[in-house]
Amino acid sequence: KPFRWKVFQVLILENENSGAASDLRDARHLRVTPEQFSSFIKRHSKQKCLVDESNAKMQNSYVLLDEELRFLNCEGGAKRPTRSILEVGVRQAFQEAGFDKKMFLKRGGFYSWSRNNGNIKSECAASDPRLDW
């Protein structure tokens, strides 16, 4: 049984997966409406380990770095790189990242990955010592 089941709504971003010639991929055929996503979450709401992340929850609440050590700002529906942390430092580049701290906290972004601290209880996961890390 899963310990956590994270369900993400497909987030379409320019410069990533919107199907434009310069994009890495085209995920438009996987798009679901907010209503469809909400309906899916409601149908599976009895799964205690389900963690839903709609587009509104995830779009600006993750910190992403590319291969040139630039944060990827996803505000406005596109992945736009900041200046590199090698060029301007972490603090300055992070200020350009568009990170939404309130949404990060609202979606439960701080998460303890240790099963040994006694704070995590999941009805989905069996107690299996092979899963402890």
J.: Linking directly or through intermediates, with side-chain heavy atoms under 4.5 Å: list the remaining ILVMFWY members grouped with V88, chain and number order.
T.: none
J.: Taking side-chain hydrogen bond (donor to acceptor under 3.5 Å, both in side chains) as the definition, give me every residue that meets it alongside E87, ordered by chain and number, with sequence neighbours left out.
T.: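 Applying side-chain hydrogen bond (donor to acceptor under 3.5 Å, both in side chains) to E87 gives none.
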J.: Less than 3.5 Å apart, which donor and acceptor atoms pair up between the side chains of residues 57-64 and the rest of the protein, not counting sequence neighbours?
T.:
unit_1 : atom_1 : unit_2 : atom_2 : d
K57    : NZ     : D52    : O      : 3.4
K57    : NZ     : D52    : OD2    : 3.2
Q59    : NE2    : C74    : O      : 2.7
N60    : OD1    : E75    : N      : 3.2
S61    : OG     : K57    : O      : 2.5
S61    : OG     : R107   : NE     : 2.6
Y62    : OH     : K6     : NZ     : 3.1
Y62    : OH     : E53    : OE1    : 2.9
Y62    : OH     : E53    : OE2    : 3.1

J.: Can a salt bridge be assigned to the pair D100 and K102 using a cut-off of 4.0 Å between side-chain N and carboxylate O?
T.: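 Salt bridge absent between D100 and K102.
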J.: For E96, give me all partners under salt bridge (charged side-chain N to carboxylate O under 4.0 Å, His left out), at least two apart in sequence or on another chain.
T.: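 Salt bridge (charged side-chain N to carboxylate O under 4.0 Å, His left out) list for E96, sorted by chain: R83.
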J.: Scan for ring-ring contact (aromatic ring centres under 6.0 Å, His included) pairs involving residues 72-94, sequence neighbours excluded, and state none if there are none.
T.: F71-F94, F94-F99
J.: Got a sec, which residues hit side-chain hydrogen bond (donor to acceptor under 3.5 Å, both in side chains) with R31, two or more places apart in sequence or on another chain?
T.: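 Per chain and number, R31 pairs via side-chain hydrogen bond (donor to acceptor under 3.5 Å, both in side chains) with no residue.
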J.: Could you list the cluster mates of V10? Members are the ILVMFWY residues connected by side-chain heavy atoms closer than 4.5 Å, either directly or through other members.
T.: I12, L30
J.: Only pairs at least two apart or in different chains count here, so list each salt bridge (Lys or Arg N to Asp or Glu O under 4.0 Å) that has a residue in residues 33-47.
T.: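 The answer is none; no pair qualifies.
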J.: Going by the rule side chain to side chain contact (heavy atoms under 4.5 Å, CB included), which residues pair with D66 if we only count those two or more places apart in sequence or in a different chain?
T.: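 Expected list: E68, R70, L72, P81.
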J.: For R80, which residues count as a side chain to side chain contact (heavy atoms under 4.5 Å, CB included) partner, sequence neighbours excluded?
T.: E14, N15, A78
J.: Just to verify, what does S18 make a side-chain hydrogen bond (donor to acceptor under 3.5 Å, both in side chains) with, not counting sequence neighbours?
T.: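 S18 satisfies side-chain hydrogen bond (donor to acceptor under 3.5 Å, both in side chains) with D23 only.
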J.: Run the side-chain hydrogen bond (donor to acceptor under 3.5 Å, both in side chains) test against R91 and tell me which residues pass, sequence neighbours left out.
T.: none
